[in-house]
Amino acid sequence: MSPLAEIRDLVISYRTGSGGLRALDGTDLILTPGETVAVVGESGSGKSTLGMAIGRLLPGEAHCEGGTLSVAGTDVLNADADTLRALRRDKLGFVFQNPMSALDPTMRVGKQVARAMGGKPGQKEIEALLTRAELSEPGRVLRAFPHELSGGMAQRVVIAMAIARQPALLIADEPTASLDASIREKIMATLNRLRDETGATLVVLSHDLRLIARHSDRVAVMYGGRVVEDGAVETVLDAPAHPYTAALLSAAAGSEKPGERLDPIPGMPPSLSGRCEACAFAPRCTFAREQCRTERPEPRVIAKRRVICHFAEDALAAPGAERRA
Amino acid sequence: MSTMPVINLKDINVTFRRRLIGGDAVHAVRGVSLSIGPGETLGLVGESGSGKTTLGRVCLGLLRPTSGTMRFDGQDFGRLRQRRGQLSVVLQHPEWALNPRLRCGVSVAEPLKILGAPAAARREAVARMLDQVGLTPDFAERYPGQLSGGQRQRVAIARALITEPRFILFDEAVSALDVSVQAQVLNLIVDLQEKLGFAALFISHDMAATRYVCHRIAVMLKGEVVESAPAETFYGTPEHPYSRALMEAVA
Amino acid sequence: MRTAIYWLSRIWRSDALSAFGLASLLLLIFLGIFGPLLPLGDPTQIAAGPRLGPPTPQHPFGTDELGRSFLPRVVQGIRATFLLSAIAVLISAMIGTFLGMAAGYFGRAVDIMVARGADILFAFPALLVGLLVAAVLGPGQVSAIAVIAIATLPLLIRVVRSVTLSVAGRGFVTAAEVAGASAGRILLLHILPNVMGAVMVQLTYALSIGMIIESALSFLGLGVQPPDASLGSLLRQGSAYLTIAPWMAMSSGAVLSLAIMSVNLVGDAVRDALEPLKGRDLT
């Protein structure tokens, strides 16, 4: 199947007071129609920059230093304003972390949803759309103001607006981070159901590997502005080939047995000012050797996934690397 | 003496009025009884609006319950100023945990200053506490803006521990942190409690983090505690359907 | 002092308009402070030139009906206008910060009293207050200061109150309360430093409003009394001879407009520098 979106060697930097900050340092990601991809990484890994870049929604301080990005045949980085608007309107849908800041507090929900749908939709159509996003009382919801809704309901309204024009690509940035644990699962289920119905591709950006992976087909782990491991969820979680993926899994509470200790990842994520000429994870990595500190690892395919690590074979063979999930 | 619970709540009710006079009453907490012993961590889980934070404020003496009794170390709670140095708190947002205009050392030393400790003793205690939470002494001279979220939360924990309090409330203390940093802070809480033996209430909506640090877990739903059991139970199958729903998010 | 220089240089570099505002504001303040020392002529010397004479190299702003050179009069006016508004606004800032913090932090009855009081003050037009105060205290500089302070007080109370409300809910305030800190300690150590930014921004707006009010009062004869001059009283003086000696009204009016505009431009620049990208969420 031909890819829906192709991101190749994308480099994006932010201009800051003290030189540049490189958020993406050669990111590769290919999205095929109808799949759910979890993009996982800590804050500062570049996942949000990647999500915004797909719709070219980056702030003025950001600029692209290299690479290509195409969505549904459109060269996003070089598109003119009209093409870009058409792409955002017809092909893309966005769901952000905080639903309350995504909604206009001064406008009734129904009117906002109608605007997202375009044209002049009738009450029936708006209610039908809200029902698709699994809002139980659409009639009441569309007359309400955003502050009258709970966080979960507001996020469903945002989802309804995002799918209003049948986007081919739905990008959700931490869609459940501001919601209660008991609602998170349901929101993810709704997103996946809508993906099945519309045949869209769903990209979920999150720092919570475990939660997101449960609802995804593929996982792409980001670190230091690159996708360091990319493969089917079971493949990656059962036996991570990148030491960072393995470290993320053993740091997260949830899989430990009573009395077992969590393994935190020492150190801090890097903030790059230019192209990283080594492995960005080397300073925090237990496998790191001389080569990791002097040579930039390039992507290769090992055990049915793409990975950026000089010693992925060793990480795979390391005791405890299997069956962590 | 050592078996005396630090916090003992009996049949606590908290009712808010929407307006000063008249208006609807909101029952935030209904008939909650619980106790936390020295060296014990009680986890309080539930969704937002379930009354967790309100109950936490009652335990800190920031909010008088509408009815019910609260005892601290077996005595009447009294006024907050009389309990100086015996209680402390670590809250959710790392970016607001510390006063941005004060050097971290000043923030950490503040509870001691309120107790009237001399400057030399404060300096010595700040260095010791920073070391305990895994930061170097030079953090005392830095401003919060120069710190990462995890580092700020460590400084906040150092401030909470400096008076060696009897009780600490952790209100969503790790929720805003990245997974890798969360693990560091959770381990820190467990280690420090073993060393210092304070009683703790750990409020969270994250079941996985809660059961990792807690001895017992109470599940709140609409102002009531619907299940209270040892943490090990929550690695198996808890009884209440709502607890099971929370568990599904972890498994 | 170092922070002051830092802010000035930051405004200077931010954009051309802000730099222009800063430059003209500094020039006006310089004139106001050092005007009497500059070789501009004596503002009180009668018959320094012809009566109602047009601008000449010797009297760049012309002369008034008593033959006084108008340029030193305008410089004298700048001094009075800036000084009166600045004193009044500082008084208003001190009272407003205190009341606003008390209302925001203590809430309940204190809040209701302060907030309603501010609403009532706000509801009175400044000129009406001016007439009342002038009637009680008599026209003059003291009543001008009182009127400006009363008129700008609600602006400061409201802003400080709302910022205090948000600061008081932050973790470090709760932590201090739990540690047993007194209300005074929390207000002075934790809240005051964090509302100062908002106060600074509001001060510049209050200053421009204060200058407008001062000029209006003096224009009506309720403010600065002769032989002293403020920009407002000079405008009043000039308006009487608008048809035969327009340079009087035009020069004092232009300087007044420039003063108010430069204060506002600097205020905008300060606000932009304190709250960059407000409301933007890119994490």
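So that the names make sense, note that chain A is the first sequence line, chain B the second, and so on, each numbered from 1. Hydrogens, waters and symmetry mates are skipped; everything else that's a heavy atom, side chains included, is used.
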In terms of heavy-atom contacts, does CE of C:Met200 have more than 12 from other residues, nucleotides or ligands at under 6.0 Å?
no
Sort out for me which of B:Arg83, B:Glu95, B:Lys113 touches chain C most, counting heavy-atom pairs under 4.5 Å.
B:Lys113
Heavy-atom distances under 4.5 Å only: say whether B:Leu102 touches chain C with side chain, backbone, both or neither.
side chain
What part of B:Leu98 lies closer than 4.5 angstrom to a heavy atom of chain C: side chain, backbone, both or neither?
backbone
Give a yes or no on whether C:Phe98 atom CZ has more than 12 heavy-atom contacts from other residues, nucleotides or ligands under 6.0 Å away.
no
Should we count CD of B:Gln146 as having more than 12 external heavy atoms under 6.0 Å?
yes
Those residues of residues 163-190 of chain C that come under 4.5 Å of chain B on a heavy-atom basis, listed by number, are C:Arg170, C:Gly171, C:Phe172, C:Thr174, C:Ala175, C:Ala176, C:Glu177, C:Val178, C:Ala179, C:Gly180, C:Ala181, C:Ser182, C:Arg185, C:Leu189, C:His190
Write out, in numerical order, the residues from residues 79-97 of chain C with a heavy atom short of 4.5 Å from a heavy atom in chain B.
none
One option among B:Pro100, B:Pro111, B:Gly85 has the most heavy-atom pairs under 4.5 Å with chain C, and it is B:Pro100
